[in-house]
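I have placed the structure first, in the form of C-alpha cells, so that the comments after it can refer back to it.
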Amino acid sequence: MSTYTGKDIQVLEGLEPVRKRPGMYIGGTGKPGLHHLLWEIVDNAVDEATNGYATHIEVILHKDGRSATVTDNGRGIPVDRHPTRKLPTVEVILTTLHSGGKFDTTSYVTSGGLHGVGASVVNALSEELVATIRRDGGTWVQRFARGKPTTKLSKSADGTRGTGTSIFFRPDPEIFESTEFDREWIAEQLEVKTYLNGNLRILFRDEGSGSRQEYHHEGGILEFQQRLVETQKVRPVHADAFFVRQPTLQHGARVEVALQWTESPRESIRSFVNGIPTVDGGTHEQGLKDAVRSAVRAYMETHDLLPKKLEISADDIREGLVGLVSLYMVDPQFQGQTKEKLNNTEARAVVAGAVRVELEQFLNRHPSTGEAIATRVIQAAKARHASRAAVQSVRRATSVSHRLNLPGKLADCSSRDPGESEIFIVEGDSAGGSAKQGRDRRVQAILPLRGKVLNAEQATLKKVSENRELSNVVQALGCGLGDHLKLEHLRYHKVILLMDADSDGHHISTLLLTFFYRYMRPLIDEGYVYLAQPPLYRIDAANRTAWALDDADRAKIEGEILKKNRQARIEVQRFKGLGEMMPATLWETTLDPDRRRLLRISVPDAERLRTEQVISDLMGKEASARFDFIMRHAADVEELDV
Ligand code: 1YM
C-alpha cells in the first residue's frame with residue numbers, strides 16, 4: 001500500500017465555482033444535495049476504514065438538526081506542509097477543488113469517483129467547518145467559513161494518543177433550500193454502509209432525540225438481502241439465497257452478489273459501486289442481469305425444464321428476484337443527472353463473468369432450489385402472456401369507444417374539457433349519493449366505489465384488470481394504464497379521492513394511491529391526483545357554523561370562539577361518515593372550489609426511490625403496516641389551496 005504525502009496532490013482551482021454553481025457538484029440544493037455533504041464526509045471516513053486504517057466511525061447529528069460531526073480513528077488527514085503551496089496539506093485539501101491523492105489511483109483504490117472530490121465541496125457549501133486531526137502525537141485544529149480558513153492550522157494539544165480525523169460542519173442556509181437533516185434517512189444510509197462493508201462499525205448519535213445506535217453487519221450483503229426480503233414481506237420461493245464473493249478480478253475489481261427469487265410480481269435489484277448506491281444502475285447491474293439470464297436459461301435447458309410452446313423473456317427470468325450487487329473498482333465513471341449510473345464498459349463483463357458460472361453451479365448443486373426457480377420463471381412467463389391479453393382488453397375498453405364504455409355508476413360532468421373537469425372517487429353509495437346531489441354538475445363527476453379495492457402492490461396486472469372497482473376507475477379516467485397510458489386521453493385533470501376521515505377511509509385511499517403509483521404513475525407525476533379533506537366536526541356557536549378537519553383543528557376553532565366570548569355555548573357534531581352529511585354541507589365544506597382544501601399528492605424526484613421502498617416495504621402482507629403508511633405520509637403531501 002502506498003502512503004500519501006503532500007506531493008501527491010494535484011492543485012486545480014479555488015472554491016468559487018462550487019458556491020456559484022453548487023448543483024454541478026452535489027446535484028442540487030434541495031434535500032438530497034444537503035445530505036450529499038454528509039455522505040461525502042462519511043465516505044472519506046469509510047474509505048479510510050476499507051483501506052484498513054480505521055475501525056470505528058462516529059456520526060453525530062447535533063441538537064440543532066442542522067450540523068453534524070463525523071469522526072474516524074484512521075491515520076488523520078496529513079498536516080505536513082504542502083510542497084508547492086506552502087500551506088498545511090489539510091488546508092489545501094479543504095480549500096482547493098479536485099485536490100487530493102484520490103484521483104491518483106495508485107494511492108487510493110476504493111473511493112467512489114465523484115465522491116472523492118468531497119471534502120472541499122462540503123467546506124465551500126458550509127457556513128462553518130472545523131477539522132480536528134489527531135496525528136503524530138498531537139491534535140491539530142483548523143476552522144473555515146464558506147470554504148475560507150478563518151484560523152490557521154494550530155496544534156491544540158500535545159501528547160495526544162491515537163490518530164484520526166474529525167470534521168464538524170454546518171451547511172450554509174444561503175445555499176440550501178433547507179438545512180435540516182433527516183435523521184431517519186441518515187440512519188438508513190449509515191446502516192447500508194455497514195452491510196456493504198462487513199467489518200465496519202458506525203455509531204450514530206442523534207443529539208436531538210438523545211438516541212444512539214451502532215450499526216455493524218458481519219453478514220454483509222447476504223444479511224442485507226435477507227433483511228430486504230423480510231421487510232418487503234415477500235415470500236421466497238427457495239430457502240437459501242445465492243451468494244458469491246469474488247475478491248480478485250481483472251482491473252483490480254472485486255464483487256459481491258446475493259440473489260433470491262420470491263413470489264413478488266416485480267424484481268428489485270439494488271446496486272452499489274465502492275459502497276455507494278448507484279440508484280440508476282448501470283453496467284455492473286447489466287452484467288448481473290446478463291449472468292442471471294444465461295445461467296438460469298442454461299440450467300433450464302440442461303434439465304429439460306423449458307416448456308415447448310412458451311416463450312420466456314429475460315424479464316420473466318428476473319420476476320420476483322430480490323438481488324444485490326456490490327462492486328469495488330478503480331476509477332469508476334458515472335453518468336446521468338445525479339451521477340448515479342455506472343458507465344465503465346468493462347464492469348459489465350467483470351460482473352457477468354464473476355456470477356454466471358457460480359450461479360449455474362449453485363443451481364446444479366441445489367436441485368430443489370433450481371426447480372423452484374424454474375417453476376417461478378415459467379409462472380412469470382405464463383402470467384405475462386395472460387396479462388398481455390388483459391391489457392389489450394382494457395385498451396379496447398378505454399380507447400375504441402371512449403364514451404360508450406363509461407362505467408354505469410359514474411355520474412359524469414357535462415364539460416368535455418379535461419382542464420376544467422374533476423372526478424371525485426367516493427367511498428360507498430350513500431356518500432356517492434350526497435356528492436351527486438351536492439356537486440357542480442358542469443365540471444364535477446362522481447364515481448362511487450362499493451366493493452373491495454385490490455391491493456395493487458401484490459397483484460399482477462391481470463388481477464388488477466379483473467378487479468371491478470379498479471377497472472371502473474380506469475374506464476372513467478379514459479387514459480388506459482401501464483405502458484399503454486396516454487395522458488392526452490385523461491378525461492379529468494383533477495382526480496380527487498374523497499374518503500371518510502377514519503381508518504377505513506385511509507385504507508382505501510392508500511390502496512388507490514398504490515394503484516396509481518404502480519400503474520398510472522404519470523397522473524401523480526403531473527400532479528393530477530388529490531385527496532379531498534372532508535370535515536370531521538361541525539361546530540356551532542352563536543349562529544355561526546365552522547368545520548374542523550381533525551381534533552387539532554377543532555381545538556383551535558373552539559379556542560378562537562372562547563377568546564371572543566368566554567361564555568359562548570359551543571355545540572359540536574362529529575360526522576360518522578360522509579354518507580350522513582347533507583348534500584349542501586358536502587358542497588360547502590368539501591366540493592366547492594372556493595372554500596375547500598385539497599391535498600395534492602406529489603412524489604418529489606429525490607423522494608421517489610424511498611417512496612418505492614416504503615410502498616413495497618409496507619404494502620406487503622400485513623394490514624396494520626398499511627394504516628401506518630398513510631397516517632405518517634399524510635404529512636408528506638403538499639398542501640394546496642385550490
Ligand atoms: C471524517 C472524515 O476524511 N479521514 C481521512 C481522510 C484522509 C486520510 C485519512 C488519509 C489518506 C491518505 C493518507 C492517503 C485523506 N483524504 C484525502 C483526500 N474522515 C477523513 N483519513 N493519510 C491519511 O490517501 O494516502 C487526503 S488524506 F484528499 F484524498 F481526500
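Order of appearance sets the numbers: ligands from 1, and atoms from 1 within every ligand. Everything numeric in this text was worked out from a predicted model, so none of it was measured.
- Look at Pro78 and you'll find a heavy atom under 4.0 Å from some atom of ligand 1.
- Screening residues 147-156 for side chain to side chain donor-acceptor pair (under 3.5 Å) gives Lys155-Asp158 as the qualifying pairs, with residues at least two apart or on separate chains.
- The ligand atoms of ligand 1 that sit less than 4.0 angstrom from a heavy atom of Asn44 are 3 (O), 20 (C).
- Residue contacts with ligand 1, taken as heavy atom pairs separated by less than 4.0 Å, involve Arg135 solely via side-chain atoms from C-beta onward.
- The side-chain tip of Arg521 points at the ring of Tyr517 from less than 6.0 angstrom away and within 45° of straight on.
- Ring to ring, Phe181 and His35 are close: their centroids are under 6.0 angstrom apart.
- Against a heavy-atom cut-off of under 4.0 Å, Ile41 is close to the following atoms of ligand 1: 1 (C), 2 (C).
- Using a non-hydrogen distance threshold of 4.0 Å, Gly76 registers as a contact of ligand 1.
- Here's the thing with Asp72: one of its N/O atoms is less than 3.5 angstrom from an N/O atom of ligand 1.
- Residues satisfying the salt bridge (charged side-chain N to carboxylate O under 4.0 Å, His left out) test with Arg66, not counting sequence neighbours, are Glu180.
- Between His284 and Phe272, a ring centre-to-centre spacing not shorter than 6.0 Å is recorded.
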